> 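Here it is, the structure, as structure tokens.
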Amino acid sequence: MDFYPSYIILAAFILDLIIGDPLWLFHPVRWMGMAIARTEPVFRRLPVSLILSGTFFSIFLVVGSWGVTCAIILISGSIHPAFRHILEVILIYYCISASSLKKAAMDVHTALESRGLPEARKKVSSIVGRETRNLTEQGVVRASIETVAENLVDGIISPLFYAAIGGAPLAIAYKMINTLDSMVGYKNNQYIFFGKASARLDDIANLIPARLSVPVIALAAEILGKTGKRSFMTAVREGANHASPNSGYSEAAFAGALGVKLSGPNVYHGKVVNKPFIGTAFGDVKRIHILKACDLMLLSSFLWVFFTAIMVAMQ
């Protein structure tokens, strides 16, 4: 379609694979983080309950990010349609993270191989919310695989799903939702009420993409190792066995694809959270499963880009 050609999805994904997420490059997610940090005190001072003020806070930022992006796209289109398309590619590129996700997981694997468990704990601590200082090697490997599985949805499936529906503005709005959840969507004393709306909004935004990820992961698993049926059935049986209403589906699909046991009890903010295991019929993780998880994530991403590009072309 003239308004939003399907090659924009493909170009954004290729750009992510080539450039990744260099720290020197301007990145709107960092601006989102600053906006969240600066507006939080303002909304906390509202003369309403913390749940209500947190709801206003999340709505303001999500709608605001969507509106600002719409304005930027419209202005760029008035200059030249090609400029608009280039800008959409760049903005959607900012919303996806296949390259950086692989790098983060591979950094953990490299640390385990060459520098030992203490360094691997440091590496994995930058990509998970759980406490890592007492993790065993299996705990480190499991955390890495779970991060790859969960962030396949957050970092590729969901943003491209919303880009296909509503272009860069909706992809940016989703990224704001995801950033809000990562910054204030905690069940601790500080955010259990104020961050509740942000956490719920993230749950709603990922509801459909998380479930769409299952057949995509299963197809990738079938191509890579003939484990597609096992991946799909594990997700069907155990996808709901997770504290999150969404994360369990991609994790269970990965568990079935790799034939490993994931999740289980972990320590968050000093408290043990007794999450059930996923992939209960399978064995323990090994270092090589980090490599296999990255391969599975990348092929799933390629397949999803193909499917979303077709979806856009059919509109």
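Bear in mind that the values here come from a model prediction, so they are computed numbers and not experimental data. One-based numbering along the sequence shown.
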> Would a hydrophobic clustering, with Ile, Leu, Val, Met, Phe, Trp and Tyr connected at side-chain separations under 4.5 Å, put Val236 with Phe254?
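Shared cluster, no.
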
> Using 0.5 Å steps for rounding, measure from the CD1 atom of Ile177 to the CH2 atom of Trp66.
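Going from CD1 on Ile177 over to CH2 on Trp66, the span is 13.0 Å.
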
> Rounded to the nearest 0.5 Å, what's the gap from CD1 on Ile172 to OG on Ser65? Could you check?
7.5 Å

> When you measure from the side chain of Ser231 to the backbone N and O of Thr227, does any donor-acceptor pair fall under 3.5 Å?
no

> Can you confirm if the NZ or CZ of Lys261 lies within 45° of the ring axis of Phe282 and under 6.0 Å from the centre of its six-membered ring?
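No, cation not above the ring by the 6.0 Å, 45° rule.
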
> Heavy atoms only: give me the nearest Ser263-Arg142 pair and the separation to one decimal.
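For Ser263 versus Arg142, the nearest heavy atoms are O-NE, 3.4 Å.
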
> Side-chain heavy atoms under 4.5 angstrom apart, residues restricted to Ile, Leu, Val, Met, Phe, Trp, Tyr: same cluster for Val124 and Leu291?
no

> Salt bridge (Lys or Arg N to Asp or Glu O under 4.0 Å) with Arg133: which residues, sequence neighbours excluded?
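Checked Arg133 against salt bridge (Lys or Arg N to Asp or Glu O under 4.0 Å); matches are Glu131.
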
> Whether the Tyr7 and His85 side chains hold a donor-acceptor pair (N or O, under 3.5 Å, no angle test) is what I'd like checked.
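His85 and Tyr7 do have a side-chain donor-acceptor pair below 3.5 Å.
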
> Quick one, Met176 and Ile36 - any side-chain contact, counting heavy atoms below 4.5 Å?
yes

> Nearest heavy-atom pair of Leu152 and Ser301: which atoms, and what distance?
CD1-OG, 3.5 Å

> Test of understanding: with side chain to side chain donor-acceptor pair (under 3.5 Å), list the residues that count as partners of Lys102, not counting sequence neighbours.
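In terms of side chain to side chain donor-acceptor pair (under 3.5 Å), with neighbours along the sequence ignored, Lys102 is linked to no residue.
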
> Which residues end up grouped with Ile59 if you chain together Ile, Leu, Val, Met, Phe, Trp and Tyr wherever their side-chain heavy atoms are less than 4.5 Å apart?
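Members alongside Ile59: Val63.
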
> Apply salt bridge (Lys or Arg N to Asp or Glu O under 4.0 Å) to Lys103 and list each qualifying residue two or more places apart in sequence or on a separate chain.
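Only Asp107 meet the salt bridge (Lys or Arg N to Asp or Glu O under 4.0 Å) criterion with Lys103.
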
> List the residues meeting side chain to side chain donor-acceptor pair (under 3.5 Å) with Ser99, not counting sequence neighbours, and say none if there are none.
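Side chain to side chain donor-acceptor pair (under 3.5 Å) check on Ser99 returns nothing, list empty.
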
> Roughly how far, to the nearest 0.5 Å, is NZ of Lys123 from CG of Leu112?
11.5 Å

> Could you tell me which non-hydrogen atom of Ala105 sits nearest to which non-hydrogen atom of Val148, and how far apart they are?
CB-CG2, 3.6 Å

> Tell me, please, which residues at least two apart from Phe302 pass ring-ring contact (aromatic ring centres under 6.0 Å, His included).
Phe13

> According to salt bridge (charged side-chain N to carboxylate O under 4.0 Å, His left out), does anything in residues 147-164 pair up with another residue at least two apart or in another chain? List the pairs.
none

> Testing the basics here: between Ala221 and Ala257, what is the closest heavy-atom pair and its distance to 0.1 Å?
CB-CB, 3.5 Å

> For Gly33 and Thr179, which heavy atoms make the closest approach, and how far apart are they?
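That would be N-CG2, 4.4 Å.
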
> Side-chain donor-acceptor pairs under 3.5 Å in residues 202-220, sequence neighbours left out?
unit_1, atom_1, unit_2, atom_2, d
Asp202, OD1, Asn178, ND2, 3.3
Asp202, OD1, Asn206, ND2, 3.3
Asp202, OD2, Asn206, ND2, 3.3
Asn206, OD1, Ser158, OG, 2.6
Asn206, OD1, Tyr174, OH, 2.8
Asn206, ND2, Asp202, O, 3.2
Arg211, NH1, Leu207, O, 2.8
Arg211, NH1, Asn246, OD1, 2.8
Arg211, NH2, Pro245, O, 2.9
Ser213, OG, Ala210, O, 2.5

> By the salt bridge (charged side-chain N to carboxylate O under 4.0 Å, His left out) test, which pairs, at least two apart or in different chains, include something from residues 230-251?
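Salt bridge (charged side-chain N to carboxylate O under 4.0 Å, His left out) check on residues 230-251 returns no pairs.
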
> Please identify each residue that fulfils salt bridge (Lys or Arg N to Asp or Glu O under 4.0 Å) with Glu146, with sequence neighbours left out.
Arg130

> Under 4.5 Å between side-chain heavy atoms, counting indirect links through other Ile/Leu/Val/Met/Phe/Trp/Tyr residues: same cluster for Tyr94 and Phe83 or not?
no

> Quick one: list whatever passes ring-ring contact (aromatic ring centres under 6.0 Å, His included) with Phe57, sequence neighbours left out.
Phe43, Phe194

> My understanding is that only residues two or more places apart in sequence, or in another chain, count here; which of them pass salt bridge (Lys or Arg N to Asp or Glu O under 4.0 Å) with Glu137?
Arg287

> Looking at every non-hydrogen atom in both residues, tell me the closest pair between Ser100 and Asp21 and how far apart they are.
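Taking every non-hydrogen atom into account, CB-CB, 4.1 Å.
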
> Shared ILVMFWY cluster between Val305 and Leu15, side chains joined below 4.5 angstrom?
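Linked, Val305 and Leu15 end up in one cluster.
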
> Can Val89 be reached from Ile14 by stepping across I, L, V, M, F, W or Y side chains whose heavy atoms are under 4.5 Å apart?
yes

